[in-house]
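Structure first, then comments.
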Amino acid sequence: MIRLLIADDEKIIRETICTIIDWKSLNIEVVGVCKNGLEAYDAILDEYPDIVLTDIRMPKLSGLELIQKITQNHDNIQFIILSGYNEFSYAKEAMRYGIKHYITKPCNESEIMEAVKDAIKEHYKKLSVRNLETGMNTGNSRLLKNLMYDMLLQLLSSDQELEELPAIYETHLDFHHTAYQVCFLYFLEEHLVTSCIEQIQNLLKTNEIPCSFTYIYVKNTLTFFFVAAQKNYDRFDELMENLEFQELTIPYLYQRESYSCLLSLLDKLSRKVKRYEIIYLYSGSQPVTICNYDSLFQQVLYLADSLMKETSEVLHKELLEELKNLLSTVKNLELLRSLINSLLLKAIQTSSAYKATDITEFMLFIGTITSNTEICSFIFEKLDTIYPTPMLGTGKYKPFIQEILNYTKEHISDPELTLKWIVENHLFMNVDYVSRQFVLQTGIKFSTYLNSIRIKKAKHLLINCDSEKIYYVAEQVGCGNNPQYFSHLFKKYTKMTPKEYIQKMKHLNPETQVL
């Protein structure tokens with residue numbers, strides 16, 4: 001986190017600034033609150049803050065004197081001057097020490113936050129330049145190289161959350177303000193990776209571009225990235241598109257992308273890379289192999305869940321294709337079987353196309369196949385049925401939800417009609433899953449839908465019915481031989497009893513249609 005120190009001789013001001021602003025939202029830790037310049041000077045030496053927010057006039061040591069003393073040996077600290085004296089002379093004096101932020105009292109929270117955000121950017125800008133100078137001019141880049149490698153290894157080989165990494169590595173790496181370039185080489189065969197990295201490193205040095213510290217290789221794709229220290233990369237792109245290889249089976253494809261910060265880069269990159277079974281992380285010529293099994297299972301089950309919920313035909317097709325592509329990249333036979341079995345076990349609860357016995361037979365059959373290609377060919381056909389394309393037309397509901405709606409309308413006179421019965425005896429699916437999906441897709445519970453259908457049908461029947469035959473209507477809408485229950489239900493939804501409704505309709509035009 002960024003370390004901030006506050007110095008002001010007015011107690012209410014320094015304490016208000018400390019407490020009223022949500023510093024954690026800016027990834028800032030307040031390491032000191034000081035009442036005079038001398039106390040602030042000692043605190044800076046003890047707490048090594050990145051940013052100092054200081055009043056310009058304080059006892060024992062003024063803000064300007066504090067800045068003068070500190071900047072002699074600590075030019076990496078960002079100062080923000082806070083003063084009640086709106087005089088240009090103070091600002092002019094502060095500029096001599098490179099101070100860019102001068103806030104006049106009274107000020108508000110947003111002014112302070114904006115100044116601090118600018119100071120954070122300047123801090124990371126200086127940090128990046130200093131790291132680049134250290135790495136390129138003195139050869140002391142080993143630390144940064146190791147940190148970047150360790151960070152990627154931690155991110156790609158464990159359950160470490162991306163959001164937790166800045167707290168660990170931000171003393172040397174800027175995650176929020178430094179821009180990066182990411183390069184991809186597609187269709188690069190594995191035996192060419194080492195020679196390719198050597199060529200890239202030479203090109204980076206020749207073009208005075210900060211060298212990439214780590215290379216990632218997955219499924220014929222090599223990825224690397226570096227700090228965006230230049231405005232134009234046309235010449236570099238041209239060189240990258242003309243790398244020389246021996247025994248190149250098919251032409252490689254080069255692509256470069258820009259990212260505003262390291263955090264967004266890592267988010268996109270990790271999601272791309274973690275789709276694959278095996279990840280190779282290169283620091284030198286020899287890679288570290290990461291078996292990405294946990295992430296594969298998570299990705300497969302996530303896609304399965306998404307397919308069950310998706311109602312758009314286009315998006316559904318894209319998700320299904322992504323799932324098939326993911327399974328086709330798995331080289332390990334046992335891993336592929338395990339991934340597919342996890343899909344099939346989930347399908348026992350969610351699929352309306354196959355019974356549990358069918359899916360069990362699929363798993364037994366897959367256990368006898370010894371070819372990855374044959375397994376994929378078999379399961380891809382089944383996936384098309386397990387996750388069918390959403391119904392054309394309205395495309396509003398998943399097929400099994402539409403089946404429930406249709407079945408309910410057709411069997412509305414059955415007093416024993418429940419969602420549980422339909423699911424277990426007609427769809428052969430998991431009740432809890434279907435119940436959640438019904439609410440998710442229709443926006444109402446099944447009981448509400450069932451009663452609305454009963455009341456709608458009852459209205460139509462009551463138009464041509466007299467009060468003596470209400471028991472008949474009750475039976476036709478699934479209330480059995482309990483007209484009293486039907487009356488209560490009808491009044492709950494219409495605010496009228498069946499008899500009152502009949503009387504009301506008699507006074508209307510006979511051609512009036514019930515909605």
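Residues take their numbers from the sequence shown, with the count starting at 1.
With rounding to the nearest 0.5 Å, the separation of CG in Asp234 from CZ in Arg256 is 7.5 Å. Put simply, NZ on Lys272 and OG1 on Thr223 are 7.5 Å apart, with the number rounded to the nearest 0.5 Å. We find the CD1-CD1 distance between Ile278 and Ile290 to be 9.5 Å, quoted to the nearest 0.5 Å. Distance CD/Gln199 to CG/Leu192: 9.5 Å, rounded to 0.5 Å. Distance CD1/Ile21 to CG/Leu4: 8.5 Å, rounded to 0.5 Å. Taking CD1 of Ile359 as the reference point, atom NZ of Lys382 lies at 10.5 Å (rounded to 0.5 Å).
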Evaluate Phe224 against Tyr215 for ring pair (Phe, Tyr, Trp, His ring centres under 6.0 Å), listing each step before the verdict. CA-CA 5 Å; Phe224 64 95; Tyr215 295 79; 5.3 Å; yes

Would you please test Thr249 and Glu189 for side-chain hydrogen bond (donor to acceptor under 3.5 Å, both in side chains) and show each step? CA-CA 8 Å; Thr249 306; Glu189 297 167 65; 2.9 Å; yes

Start with the C-alpha distance between Leu222 and Phe184, add both sets of side-chain angles, then the distance that settles side chain to side chain contact (heavy atoms under 4.5 Å, CB included), and finish with yes or no. CA-CA 6 Å; Leu222 181 67; Phe184 302 91; over 6 Å; no

Between Leu440 and Arg436, does a side chain to side chain contact (heavy atoms under 4.5 Å, CB included) hold up when you go through it step by step? CA-CA 6 Å; Leu440 182 66; Arg436 291 193 300 270; over 6 Å; no

Walk me through it: do Glu403 and His426 pass the test side chain to side chain contact (heavy atoms under 4.5 Å, CB included)? CA-CA 9 Å; Glu403 282 191 58; His426 183 64; 3.7 Å; yes

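In this structure Phe446 satisfies the ring-ring contact (aromatic ring centres under 6.0 Å, His included) test together with Phe438, sequence neighbours excluded. Legend: residues meeting side-chain contact (heavy atoms from CB on, under 4.5 Å) with Val288, ordered by chain and number and at least two apart, are Tyr149, Leu153. Asp384 pairs by the salt bridge (charged side-chain N to carboxylate O under 4.0 Å, His left out) definition with Lys324, not counting sequence neighbours. Partners of Tyr472 by ring-ring contact (aromatic ring centres under 6.0 Å, His included), not counting sequence neighbours: none found. Checked against ring-ring contact (aromatic ring centres under 6.0 Å, His included), Phe226 has the following partners two or more places apart in sequence or in another chain: Tyr233, Phe236. With sequence neighbours excluded, no residue satisfies ring-ring contact (aromatic ring centres under 6.0 Å, His included) with Tyr493.
No hydrogens or angles considered: a donor-acceptor pair under 3.5 Å links the side chains of Gln402 and Asn406. Judged by distance alone, the side chains of Glu277 and Thr329 never bring a donor and an acceptor atom under 3.5 Å apart. Under the 3.5 Å distance criterion, with hydrogens and angles disregarded, a donor-acceptor pair is assigned to the side chains of Asp237 and Tyr254.
For the residue pair Cys261 and His176, the shortest heavy atom distance occurs at CB-O, 3.3 Å. Here the closest non-hydrogen pair linking Tyr471 and Pro483 is CA-CB, 4.1 Å. Minimum interatomic distance between Ser328 and Cys376 (heavy atoms only, all atoms of both residues): CA-SG, 4.0 Å. Closest of all the heavy-atom pairs between Gly367 and Arg337 is O-NH2, 3.5 Å. Of all heavy-atom pairs spanning Leu281 and Ile216, the tightest one is CD1-CG1, 3.6 Å. The minimum heavy-atom distance between Gln476 and Leu461, with the atom names listed, is CB-CD1, 3.6 Å.
Taking the six-membered ring wherever Trp is involved, the centroid distance between the rings of Tyr501 and Phe490 falls below 6.0 Å. For Tyr252 and Phe187, the gap between ring centers reaches or exceeds 6.0 Å. Ring centroids of Tyr387 and His316 are separated by 6.0 Å or more, keeping the two rings apart.
At least one side-chain heavy atom of Tyr186 sits less than 4.5 Å from a side-chain heavy atom of Gln255. Residues Leu263 and Asp267 fail the side-chain proximity criterion, which asks for heavy atoms closer than 4.5 Å. Residues Leu323 and Leu343 meet the side-chain proximity criterion, which asks for heavy atoms closer than 4.5 Å. Put simply, the side chain of Leu266 reaches to within 4.5 Å of the side chain of Phe175, judged on heavy atoms.
Within a 6.0 Å sphere centred on CD of Gln484, heavy atoms belonging to other residues, nucleotides or ligands number 12 at most. Counting non-hydrogen atoms of neighbouring residues, nucleotides and ligands closer than 6.0 angstrom, the CG atom of Asn425 exceeds 12 such neighbours. Atom CZ of Phe380 has more than 12 neighbouring heavy atoms from other residues, nucleotides or ligands inside a 6.0 Å radius.
Glu381 contributes no side-chain N or O that, together with a main-chain N or O of Phe378, makes up a donor-acceptor pair within less than 3.5 Å. No donor-acceptor pair closer than 3.5 Å links the side chain of Asn372 to the backbone N or O of Leu336. Between the side chain of Asp50 and the backbone N or O of Arg3, at least one donor-acceptor pair lies under 3.5 Å. In this structure, Tyr280 contributes its side chain and Val218 its backbone to no donor-acceptor pair below 3.5 Å. Trp421 places no side-chain N or O within donor-acceptor distance of the main-chain N or O of Glu416, the cut-off being under 3.5 Å.
For the side chain to side chain contact (heavy atoms under 4.5 Å, CB included) test with Ser25, the passing option among Asp22, Ile28, Asn27 is Asp22; the others fail. Of the residues Leu419, Ile404, Ile401, the one that meets the side chain to side chain contact (heavy atoms under 4.5 Å, CB included) test with Leu427 is Ile404. Only one option out of Lys459, His460, Arg454, Lys456 pairs with Val477 in a side chain to side chain contact (heavy atoms under 4.5 Å, CB included); it is Arg454.
Note on ring orientation: taking the six-membered ring where Trp is involved, the planes of His411 and Tyr407 are parallel (angle under 30°, cut-offs 30° and 60°).
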